[in-house]
Amino acid sequence: MSGLEVKAVVDRGAYRLDVELAVAAGETVAVLGPSGAGKSTLLDAIAGLAGVTEGHVRVGGRELTSPRQVVAPQRRGVVLLRQDPHLFPHLTARENIAFGLRARGTAKTDALAEADEWLAQVGLADVQAGDRRPRELSGGQQQRVALATRPDVLLLDEPLTALDAETASGVRALLAERLAATGTTTVIVTHDAVDAVALAGDIVLLEDGRVTQTGPVRSVLAAPATPFGAAVAGVNRVAGEISDGVWSAGALRVPVTLRTAGAAVALFPPSAVGIEPAAGTEPAGPGAPVARIARLEQTPAGVRVHTTEPTLAADVSVETVAERGLAVGAAVRLSVPPEAVRLLA
């Protein structure tokens with residue numbers, strides 16, 4: 001097993017990625033960030049598909065990069081899998097698996113035998129998928145074929161995004177089993193906290209080309225340091241002030257037991273936010289008695305109402321939106337029960 005160490009700067013025009021990342025041998029790290037944060041650029045730098053302006057990439061202590069040098073992934077002991085598995089279209093599933101094994105020095109007969117073993121392990125032998133070409137396989141089946149690899153470092157770029165929920169769940173379970181069994185050093189880029197919880201030991205939040213928070217998955221999700229981290233964790237993160245036993249931020253007031261006055265960040269779930277219409281003529285702004293609705297977002301369970309002053313999200317039912325006339329621009333009063341709030345000083 002080989003560990004991964006990255007301390008690199010990648011310049012792409014006006015964009016700059018400046019990241020330090022360490023993954024212990026056999027461990028899995030999940031990288032999450034908003035669109036344009038640099039997640040795919042980070043994987044390209046590790047795989048050798050993007051030149052590093054400054055710094056280095058090391059696998060098992062081996063230096064893989066010099067400034068602006070690009071080295072093919074197969075020469076680095078690194079495999080990069082994206083949403084599209086990029087299987088060879090002219091080869092069968094069995095031959096695709098065997099090709100990867102042979103590229104790492106496995107004899108042809110042994111590679112084909114191992115390919116058959118893998119097809120059986122992932123439930124593709126019974127449907128005779130080994131004799132099919134990629135165009136004859138479903139997206140989930142193609143991902144299962146692509147995962148049959150033994151690199152020093154495995155890089156996964158949102159491999160489950162293009163799959164339906166049920167198929168993604170099955171591939172996620174397979175991936176967790178595979179990583180545990182092989183002890184492969186892995187970096188997975190994802191937008192889903194479920195992937196991080198199910199697959200990774202540590203999480204890295206990447207925003208605007210820089211790491212904003214890193215640590216064990218549970219620790220980061222329990223105390224997100226940025227609004228993006230809070231969104232990943234499924235909570236509101238609102239900066240406010242404590243004074244006279246009340247925490248306040250914009251139009252929101254919550255009684256607290258802390259006697260210490262000063263700045264404090266409140267964490268609470270969108271489901272805990274109460275929202276009621278207020279007179280539309282009342283002003284909204286810093287210190288205002290009401291907030292205003294910025295946008296409405298459809299969710300599987302109903303509607304997520306986003307407000308300003310303070311900026312937060314409230315989950316309500318479709319019926320509540322209709323009954324209370326909640327619309328963009330409307331003035332609203334907000335409430336959160338004290339027991340739902342966790343304060344970070």
Query raised in the report: Is V78 linked to F99 within one hydrophobic cluster, defined over Ile, Leu, Val, Met, Phe, Trp and Tyr using a side-chain heavy-atom separation of less than 4.5 Å?
Result: no

**Report entry** Distance-minimising heavy-atom pair for P270 and V235
**Finding:** CD-CA, 4.2 Å

Report task. Provide the closest heavy-atom pair for A176 versus A198 in the form atom of the first, atom of the second, distance. Result -> CB-O, 4.1 Å

Query raised in the report: Can you check whether G33's main-chain N or O pairs, donor with acceptor, with K39's side chain at less than 3.5 Å?
Result: yes

Report task. Show your working on side-chain contact (heavy atoms from CB on, under 4.5 Å) between T214 and I203 and close with a plain yes or no. Result -> CA-CA 6 Å; T214 185; I203 191 171; over 6 Å; no

Report task. Report yes if some heavy atom in the side chain of L343 is under 4.5 Å from a heavy atom in the side chain of I242; otherwise report no. Result -> yes

Query - Interatomic spacing from CD in E95 to CG in L87 - rounded to 0.5 Å - result: 12.0 Å

Query - Between CG on residue L160 and CD on residue E158, distance to nearest 0.5 Å - result: 9.5 Å

Query - R324 side-chain N/O to P277 backbone N/O, donor-acceptor pair under 3.5 Å - result: no

Requested in this report: Might you work through the side-chain contact (heavy atoms from CB on, under 4.5 Å) test for V220 and L205, ending with a clear yes or no?
Outcome: CA-CA 9 Å; V220 171; L205 299 184; 4.0 Å; yes

**Report entry** Salt-bridge contact R304-E297 (side-chain N to carboxylate O under 4.0 Å)
**Finding:** no

Query raised in the report: Are L199 and L221 grouped together when hydrophobic residues (ILVMFWY) are joined by side-chain heavy atoms under 4.5 angstrom apart?
Result: no

Query raised in the report: Are L17 and V29 connected, step by step, through hydrophobic side chains (Ile, Leu, Val, Met, Phe, Trp, Tyr) whose heavy atoms are closer than 4.5 Å?
Result: yes

Requested in this report: Quick one: pull up CZ in R82 and OG1 in T161 and give me the separation to the nearest 0.5 Å.
Outcome: 12.5 Å

Query raised in the report: Side-chain contact, heavy-atom cut-off 4.5 Å: V316 with I275?
Result: yes

Report task. Indicate yes or no: does R218 engage D202 in a salt bridge with an N to O separation below 4.0 Å. Result -> no

Requested in this report: Identify whether W247 and L312 are in the same connected component of the hydrophobic contact network (ILVMFWY, side-chain heavy atoms under 4.5 Å).
Outcome: yes

Query raised in the report: Atom CG of L49 and atom CG of D44: how far apart are they, to the nearest 0.5 Å?
Result: 5.0 Å

Query raised in the report: With distance as the sole test, does Q213 use its side chain to make a donor-acceptor pair with the main-chain N or O of A223 at under 3.5 Å?
Result: yes

Report task. Side-chain contact test, heavy atoms from C-beta onward, threshold under 4.5 Å: evaluate it for E309 versus R292 and give yes or no. Result -> no

Report summary line: Separation between OG1 (T320) and CG (L326), nearest 0.5 Å, reads 7.5 Å

Query raised in the report: Should R16 and D208 count as an ion pair when the cut-off is N to O under 4.0 Å?
Result: no

Query - Neighbour count >12 (heavy atoms, 6.0 Å) for atom CD, E166 - result: no

Query raised in the report: Between E177 and L174, is there a donor-acceptor pair closer than 3.5 Å when you use the side chain of the first and the backbone of the second?
Result: no

Query raised in the report: Can you check whether T186 reaches L156 side chain to side chain, under 4.5 Å on heavy atoms?
Result: yes

Query raised in the report: Hey, does E5 have a side-chain heavy atom less than 4.5 Å from the side chain of H56?
Result: yes

Report task. Could you go through the side-chain contact (heavy atoms from CB on, under 4.5 Å) check for V265 and V238 one step at a time? Result -> CA-CA 6 Å; V265 171; V238 183; over 6 Å; no

Requested in this report: Compute whether any side-chain donor of one residue and acceptor of the other, for T226 and E207, lie under 3.5 angstrom apart.
Outcome: yes

Query raised in the report: Where the side chain of T92 meets the backbone of G130, is there a donor-acceptor pair that is under 3.5 Å apart?
Result: yes

Query raised in the report: Quick one: are L21 and V204 in side-chain contact, heavy atoms under 4.5 Å?
Result: yes

Query raised in the report: Would a 4.5 Å heavy-atom cut-off, applied to side chains only, mark D11 and V9 as touching?
Result: yes

Query raised in the report: Should D152 and R62 count as an ion pair when the cut-off is N to O under 4.0 Å?
Result: yes

Query raised in the report: Can S40 and D157 be counted as having a side-chain donor-acceptor contact under 3.5 angstrom?
Result: yes

**Report entry** Over all atoms of both residues, closest heavy-atom pair of V290 and A278
**Finding:** CG1-CB, 3.6 Å

**Report entry** Evaluation steps, side-chain contact (heavy atoms from CB on, under 4.5 Å), between R58 and L4
**Finding:** CA-CA 6 Å; R58 295 177 182 144; L4 170 68; over 6 Å; no

Query raised in the report: Looking only at heavy atoms, which two atoms of V246 and V256 are closest? And how far apart?
Result: N-CG2, 4.2 Å

Query raised in the report: Do V217 and V189 belong together in a cluster built from hydrophobic side chains that touch within less than 4.5 Å?
Result: no

**Report entry** Closest non-hydrogen atom pair between D192 and R172, with its separation
**Finding:** OD2-NH2, 4.0 Å

Query raised in the report: Side chains of L267 and N236: does their closest heavy-atom pair fall under 4.5 Å?
Result: no

Query raised in the report: How long is the span from the CZ atom in F228 to the CG atom in L206, to the nearest 0.5 Å?
Result: 9.0 Å

Query raised in the report: For the residue pair A263 and E241, what are the closest heavy atoms and their distance?
Result: N-OE1, 3.3 Å

**Report entry** Side-chain donor/acceptor of T307 to backbone N/O of P310, under 3.5 Å
**Finding:** yes

Report task. Check for a donor-acceptor pair, side chain of Y15 on one end and backbone N or O of V10 on the other, with a separation under 3.5 Å. Result -> no

